[in-house]
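This report refers to the structure that appears directly beneath it.
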Protein chains: 2
Amino acid sequence: MVRVLLVDDHPVVRSGLRAVLEATGRVEVVGEAASGEQALALVPSARPDVVLMDLNLGDGIDGVTTTTRILATGPTTLGAARPPAVLILTTYDHDADIVRAVEAGASGYLLKDASPEAIADAVAAAARGETVLASGLAQRLVSRMRAPSEPTLTPRELEVLRLVADGSSNRAIARALFVSEATVKTHLVHAYEKLGVDNRTGAVTVARERGLL
Amino acid sequence: MVRVLLVDDHPVVRSGLRAVLEATGRVEVVGEAASGEQALALVPSARPDVVLMDLNLGDGIDGVTTTTRILATGPTTLGAARPPAVLILTTYDHDADIVRAVEAGASGYLLKDASPEAIADAVAAAARGETVLASGLAQRLVSRMRAPSEPTLTPRELEVLRLVADGSSNRAIARALFVSEATVKTHLVHAYEKLGVDNRTGAVTVARERGLL
DNA sequence: CCTCCCCTCAACCGTTCGGTGGAGGTCTGC
DNA sequence: GCAGACCTCCACCGAACGGTTGAGGGGAGG
């Protein structure tokens, strides 16, 4: 029996996962958490083999952070030989956080519209130490490694873009970030190039589509 | 026993709802549909008292359309005395479609992060013919009736705004809509006033927040 | 019929943006 | 130590945008 901890802020989804997993007869749900904080508190006592975690946890710490912390719990914490595998569950395929979670050490990710069989299989695979990636992300990771066809915005560029999204003028952004207007324009021009657009509104839309904002 | 039909494109959510509802002992799940089309096909034979419907059904016809059609099935269809009550289930509180669904005759709406008790209560209330509205929308409906503090964008303004969101220039929008650039600017100025902003990027953001795009 | 709303267009103005081509600074990693 | 990335800033230009006023036509509804 694979010991699983469910982490999702929706009670209904937790019930559904529990029903789906227990129906397989191969999985034992050893706990449920409605937030990242709860999950972190439960891991030591519940000692799951696999943590099935929603990325979008509403208020509180997010799924990526929770994943990082769970995987950081070394052998020192209680008697666990090693931290549990973390399997990411998410609604949207185009969530930039997925990449971050996998880079943080998650064993894979699943879409919420997956079939019960697919979910059960993925849990079993994660318990065996394997990695499970749905197609979309696999492609994205490969392409990111191979050729950075989707360039990364620098922190400063992102910061500027966030203010642009609010409808701020370059002057306002400059004041907010304590830099000159020229600097703001430079950041924006760079962001335009990276996003493949030629104006601020398009940049905001593309950034949103890629989950950068 | 209240007869309920579940409509959601996520198998996990359907399982969760089934588990939650059947645990109350007052509800019988008489069917599950993964799409609007399936739901419409199942209603006559399953004869539910209440249809619990997700607004976001992925591909195919959407939740609002499905709701409209279900409620349009009069006594002519089979032996049903009247169409079932439709209870909307949605993830986001700020979805403009909620208002449309309620206007289409839905008996109320629930958020997916609601507690099992709240969901069961809402289903029971809907079966009794009552209306259940979560707080957010109730306020919105009231305020929309009382004072249009949240003005409505005209169809043309929305159309322009959608193109703006893609990063199109006024000139490009004018060409796309076969009007002059002056007209585009007029629409935009009106939209800015209604949305309480003073530039296109801010307008897009506010419109997105309000679920208008 | 007359009003109200929506869509359409024009001309003019000042402001803001987008694009270019620089330049100097810090910090990281090889 | 030096390349490379990142952040900072300047000056200039044309293009696009935001704001205003004014105006005409069509459809819905009292």
Side-chain angles (χ1 to χ4, degrees), chain A residues 96 100 103 144-208 210 212-213, chain B residues 96 103 144-208 212-213:
Chain A
R100 290 178 50 218
E103 286 170 349
R144 172 179 283 214
M145 297 301 162
R146 215 184 34 208
S149 60
E150 239 179 55
T152 324
L153 293 182
T154 69
R156 206 53 163 170
E157 285 160 3
L158 257 183
E159 210 167 348
V160 170
L161 209 50
R162 265 189 266 269
L163 292 170
V164 167
D166 294 336
S168 304
S169 68
N170 289 346
R171 183 187 308 259
I173 296 169
R175 274 202 267 266
L177 299 182
F178 303 108
V179 297
S180 85
E181 212 174 318
T183 303
V184 173
K185 291 168 78 171
T186 304
H187 286 313
L188 281 179
V189 169
H190 291 160
Y192 297 159
E193 287 170 8
K194 292 178 180 178
L195 296 173
V197 299
D198 62 356
N199 64 65
R200 53 181 51 216
T201 311
V204 168
T205 296
V206 172
R208 255 194 252 270
R210 300 198 184 163
L212 301 175
L213 291 184
Chain B
E103 285 170 352
R144 171 178 284 215
M145 297 301 163
R146 215 184 34 207
S149 59
E150 236 178 58
T152 324
L153 293 181
T154 69
R156 207 54 165 167
E157 285 160 3
L158 257 184
E159 210 167 349
V160 171
L161 208 50
R162 264 188 266 270
L163 291 170
V164 167
D166 294 336
S168 303
S169 68
N170 289 347
R171 183 189 307 259
I173 296 169
R175 274 202 267 264
L177 300 182
F178 303 107
V179 297
S180 84
E181 213 175 315
T183 303
V184 173
K185 290 168 78 171
T186 304
H187 286 312
L188 280 179
V189 169
H190 290 161
Y192 296 161
E193 286 171 7
K194 292 178 180 177
L195 296 173
V197 298
D198 61 356
N199 64 64
R200 53 181 51 215
T201 311
V204 168
T205 296
V206 171
R208 254 193 254 270
L212 302 174
L213 290 184

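Remember, predicted model here, so these are calculated numbers, not experimental data. Protein chains get the first letters and strands the later ones, always in sequence-line order, with residue 1 at the start of each.
Taking atom NZ on A:Lys194 and atom P on D:dA5, their separation rounds to 10 Å, with Å as the unit. Here the C1' atom of nucleotide C:dC9 and the CZ atom of B:Arg156 are 13 Å apart, to the nearest Å. The separation between B:Leu153 atom CG and C:dC7 atom P is 10 Å, rounded to whole Å. The nearest whole Å value for the distance from the NE2 atom in A:His190 to the C1' atom in D:dG4 is 14 Å. Between B:Asp198 atom CG and D:dG19 atom C1' there is a gap of 11 Å when expressed in whole angstrom units. Rounded to whole angstrom, the span from the CD atom of B:Glu157 across to the C1' atom of C:dC5 amounts to 11 Å. Rounded to whole angstrom, the span from the CZ atom of B:Arg200 across to the C1' atom of C:dC17 amounts to 11 Å. In this entry the distance linking CD of A:Glu181 with P of D:dC10 reads 10 Å, nearest Å.
A:Asp166 places no side-chain N or O within donor-acceptor distance of the main-chain N or O of A:Ser168, the cut-off being under 3.5 Å. Using modelled atom types, no side-chain atom of A:Asn170 and backbone atom of A:Glu181 make a donor-acceptor pair closer than 3.5 Å.
Residue B:Thr154 places no side-chain atom within donor-acceptor reach of the base of C:dC5, judged by atom type and a 3.5 Å distance cut-off alone. Looking at A:Thr186, its side chain comes within 3.5 Å of the base of D:dC9 through a donor and an acceptor atom.
Counting heavy atoms from C-beta outward, B:Lys194 and B:Thr154 have side chains that approach closer than 4.5 Å.
Toward the 5' end of DNA chain C, the nearer of the two residues B:Pro155 and A:Thr201, judged by each one's closest nucleotide, is B:Pro155.
Smallest separation of non-hydrogen atoms from A:Val164 and A:Val204: CG1-CG2, 3.7 Å.
Ranking C:dT8, D:dT20, C:dT16 by closeness to the B:Val189 side chain, first place goes to D:dT20. The side chain of B:Lys185 approaches D:dG18 more closely than any other nucleotide in the set C:dC9, D:dG18, D:dC17. Comparing C:dG18, D:dG18, D:dC9 against the side chain of A:Val179 picks out D:dC9 as the nearest. The side chain of B:Leu188 lies closest to D:dG18, out of D:dG18, D:dC17, C:dG18.
Heavy atoms of A:Ser180 sit under 4.0 angstrom from primed sugar atoms or phosphate atoms, though from no base atom. Among the atoms of the strands shown, base atoms are found under 4.0 Å from some heavy atom of A:Thr183.
Rounded to 10 degrees, the angle separating the terminal helix axes of the helix from C:dC1-D:dG30 to C:dC30-D:dG1, each built from five base pairs, is 50°.
Distances shown here put a side-chain N or O of B:His187 below 4.0 Å from the OP1 or OP2 atom of C:dT8. Residue B:Asn170 has a polar side-chain atom (N or O) positioned under 4.0 Å from OP1 or OP2 of D:dC17.
A salt bridge does not link A:Arg162 to A:Glu159: none of the charged side-chain nitrogens sits closer than 4.0 Å to a carboxylate oxygen.
Once rounded to the nearest 0.5 Å, the distance linking CG of B:Leu163 with CG of B:Leu177 reads 5.5 Å. For the atom pair A:Arg200 CZ and B:Asn199 CG, the distance stands at 7.5 Å (nearest 0.5 Å).
Under the 3.5 Å distance criterion, with hydrogens and angles disregarded, a donor-acceptor pair is assigned to the side chains of B:Arg208 and A:Thr205.
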